[in-house]
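A quick write-up on the structure given underneath.
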There are 2 protein chains.
Amino acid sequence: MPLKKSWVASANDETHPFPLNNLPYGVFSTNGEDPRCGVAIGDMILDVTAAEEQGLIVLSDEPLFDLPFWNPLMEEGPAVWAALRDRLTTLLADGSEDRNSVEPLLVAQSDVQMHLPLVVSEYTDFYAGRHHAFNVGTMFRGPENALPPNWLHIPIGYNGRASSVVVSGTDIRRPWGQLKGPNDALPRFAPSQRFDIELEMGAIVGTPSDGPISVQEADDNIFGYVLLNDWSARDIQAWEYQPLGPFQAKATATSISPWIVTKAALEPFRCDTPAREFELLDHLKDVGPMLYDIDLSVTMAPAGQSATTIAQTNYKEMYYSAAQQLAHHTTSGCPMNTGDLLGSGTISGPEKQNRGSLLELSWGGKEPLTLDSGETRSFIEDGDTLTLQGVAKGDGYLIGFGDCTGTVLPALDAPYKRS
Amino acid sequence: MPLKKSWVASANDETHPFPLNNLPYGVFSTNGEDPRCGVAIGDMILDVTAAEEQGLIVLSDEPLFDLPFWNPLMEEGPAVWAALRDRLTTLLADGSEDRNSVEPLLVAQSDVQMHLPLVVSEYTDFYAGRHHAFNVGTMFRGPENALPPNWLHIPIGYNGRASSVVVSGTDIRRPWGQLKGPNDALPRFAPSQRFDIELEMGAIVGTPSDGPISVQEADDNIFGYVLLNDWSARDIQAWEYQPLGPFQAKATATSISPWIVTKAALEPFRCDTPAREFELLDHLKDVGPMLYDIDLSVTMAPAGQSATTIAQTNYKEMYYSAAQQLAHHTTSGCPMNTGDLLGSGTISGPEKQNRGSLLELSWGGKEPLTLDSGETRSFIEDGDTLTLQGVAKGDGYLIGFGDCTGTVLPALDAPYKRS
């Protein structure tokens, strides 16, 4: 499928992440006014809330875009998702007869503040990238025992904290936590010294379910995808995670990209999961290509410095697709709701430069990275800005998500008013 | 504090769980009508939604009880919580001048269906009962290594699944899951054979926070308590929980009592946590008695049979209070919201009959229980009804929560429509 032409000129640039083929959904505000739903087209945003108010978009008897999040549309299901995409394509296509009505509803992206595009119902984070699991396992248990015995049979995941999810651009405060080094007799309470990123994709559940669903049903229920940075305090994690998993190490913040890229926009980029070492049980078997070919990268920029690319990888490196993760999530009967967010797990590739966390890139701090400025890093230092980017490369066009970025602020001086 | 007298006669029985001293909050419906907020008094429920509509309760310019959950009141904060309790006490006290207006708003508890009393924002489950952790640890690692090294320093917890929380009386469907016995070469997908309960208390966050809070602030932010049964599939858990903790094993259902007992009602029952083996770090130190003396029990009734009491324990057996758990939960900066539910962790006591799970009671299935009928049980069988009860014993009165009960239904025949 080639580039679809729009009357919004900037959308026709082959190197622009938001052509008419993309149409990602976000929430924006201008000049401190109330946030509204919008769709990115080139350098502009179409104010979807206004377009609905003016009768240019009519999908339901009730308004779907009068609240500053996309959950009401998600609840409508795949037929309405498709109808909106069709209508937006018509309104914004080259030669659209609605151009005169639509053009006044465009806002420059440079003039807006972005907000969380959805109300996150619950957040689950997986551990379903094999290279990452192997790297981390090797560091802690050696290469022979790197993958836990269950890893090749189920997409291992844990419940995260939805309240921690923030939109790209939100500053991230370095957390305090209980820390205990291997040679310390007792733990202490101090700011994390091993604060890290995890490069992930997030899948957003659109259609709810209330019992076990198949991989195909799971794929059908997914609304779209975001970039996701699962900020992680490795030193807090090391002390707390046995036996019930990560908790406060992962609760400071989880950043997502400002734009939700729909499954429809990613359709041309579907690809298969990697070869299986063990055949999956029937309920988790692949039933079609459900990963996506999306190039991913991470940059790091110390305060006042330009950014250095520290990792490059691809979403197709995942061992399990989001559909398989969602299917597994429902095996016990766990109800899933509109707005549930599923982190893929860290997406590393086979080579050192493909590693999606500083833990892996610096091999636990033993091999610090050198940035373009000559500075070195094992983990994040105060003032560093970390940015995830993702792009699917079509035939003469790109599909992007917008940057998923955050700057780490120093820890609070004294986190408690002791009472 | 002695029994407070009410003009609702049944509330003055010294053995009744809902005297005027209690005033627990729930949501009920009659004859299939819309659910409403209510407070239990003796055998009756005062329709609080109606009392507000009729101007008998006025706490805010906006209605607080026009939605079928208690979150809007929780959001108002401690001064309004106290004002409501004062007003309800006035309306329902012996000699109340409002009796004639209030009496028509009473509904018999025997005529209602109960609903979830709150919208659960997020659900966290802790592992903060020492006897339980020791018992489980002993089974898996021997008594010398029973407690993980971090256990005496932080209240270990993990995020659970809010969508799984159901009100007492909801049937529980035995889950399917991926299982692998120690001698199996490969896992299989089958109904859980080791389905269990966990006897817990749940603390409900009323006041939100957005950064680290002290133990005292945490106690102030708690709105009230419920009984909580964390249904657990031990065989699913055994295979899945390494390295990131329990996931589908705990996602089938979590039952809570229909009534939220307020912190105010429990005030006379505050007690200290047990002696510390290690001094806690400052941010987790006890700053007053924040556990409660609440007798707890579990009964099991096979289909068509009467119930056998299988465990008796007390909430004061906990090593960490809910306030300490909530304070720990915020150390990383994790935002907490109105309606967050914190499970205490299984509450076992020192003796065999004090164990709050079948895993412990049957010692991993090696020592099956014998019920009054002569039947034996290692784990739950289809048709069994499990019921948690809790009661604080005052000077001539009781404070109860209502039963927290659930009947286990057979697993689905075939959980998937394979597509």
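Naming: A, B, ... by sequence-line order, numbering from 1 per chain.
A donor-acceptor contact shorter than 3.5 Å links the side chain of A/S163 to the backbone of B/P335.
Taking the side chain as every heavy atom from C-beta outward, A/N159 and B/K250 never approach each other to under 4.5 Å. Using a 4.5 Å heavy-atom threshold, the side chains of A/T252 and B/C334 count as separate. A heavy-atom distance below 4.5 Å is not found between the side chains of B/F189 and A/L284. A/I156 is not listed as a side-chain neighbour of B/Q242, based on a closest heavy-atom distance of 4.5 Å or more. Considering only heavy atoms from C-beta on, B/L186 comes within 4.5 Å of A/H153 through its side chain. Annotation: side chain of A/R161 is in contact with side chain of B/E122 (closest heavy-atom distance under 4.5 Å). At least one side-chain heavy atom of A/W239 sits under 4.5 Å from a side-chain heavy atom of B/I154. Counting heavy atoms from C-beta outward, B/W176 and A/H283 have side chains that stay 4.5 Å or more apart.
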Kindly indicate, with the supporting measurements, whether the criterion side-chain contact (heavy atoms from CB on, under 4.5 Å) is fulfilled by B/N150 and A/Y241.
CA-CA 9 Å; B/N150 50 20; A/Y241 93 105; over 6 Å; no
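Counting heavy-atom pairs under 4.5 Å between each of A/D340, A/L281, A/L244 and chain B puts A/L244 at the top. Contact count against chain B (heavy-atom pairs under 4.5 Å) is highest for A/G245 among A/P175, A/A249, A/G245, A/G177. Of the listed residues (A/P246, A/A327, A/G211), the one with the most heavy-atom contacts under 4.5 Å to chain B is A/P246. When the candidates B/S121, B/G160, B/G333, B/A233 are compared by the number of heavy-atom contacts under 4.5 Å with chain A, B/G160 comes out ahead. Interface check for chain B: of the options A/H329, A/R174, A/R173, A/H328, the most heavy-atom pairs under 4.5 Å are formed by A/H329. Comparing A/G157, A/P148, A/A411 by heavy-atom pairs within less than 4.5 Å of chain B, the highest count is held by A/G157. Ranked by heavy-atom pairs under 4.5 Å with chain B, the first of A/S164, A/S192, A/P187 is A/P187. Considering only heavy-atom pairs separated by less than 4.5 Å from chain A, the leading option among B/A253, B/G137, B/A162, B/P191 is B/A162.
Remark: A/Y123 pairs with no residue by the ring pair (Phe, Tyr, Trp, His ring centres under 6.0 Å) rule, at least two apart or across chains.
Interface remark: A/Q248 contributes backbone and side-chain atoms alike to the contact with chain B (heavy atom separation under 4.5 Å). Only the backbone of B/I213 comes within contact range of chain A, judged by heavy atoms closer than 4.5 Å.
Atoms CD and OG, on A/E240 and B/S332 in that order, are 8.5 Å from each other to the nearest 0.5 Å.
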Output a table of donor-acceptor pairs, distance under 3.5 Å, between side-chain atoms of residues 126-135 of chain B and any protein atom two or more places apart or on a different chain; print 'none' if there are none.
from, atom 1, to, atom 2, distance (Å)
B/R130, NH1, B/E277, OE1, 3.3
B/R130, NH2, B/E277, OE1, 2.6
B/H131, NE2, B/E317, OE1, 3.2
B/H132, ND1, B/E360, OE2, 2.6
B/N135, ND2, B/H131, O, 3.2
B/N135, ND2, B/E360, OE1, 2.9

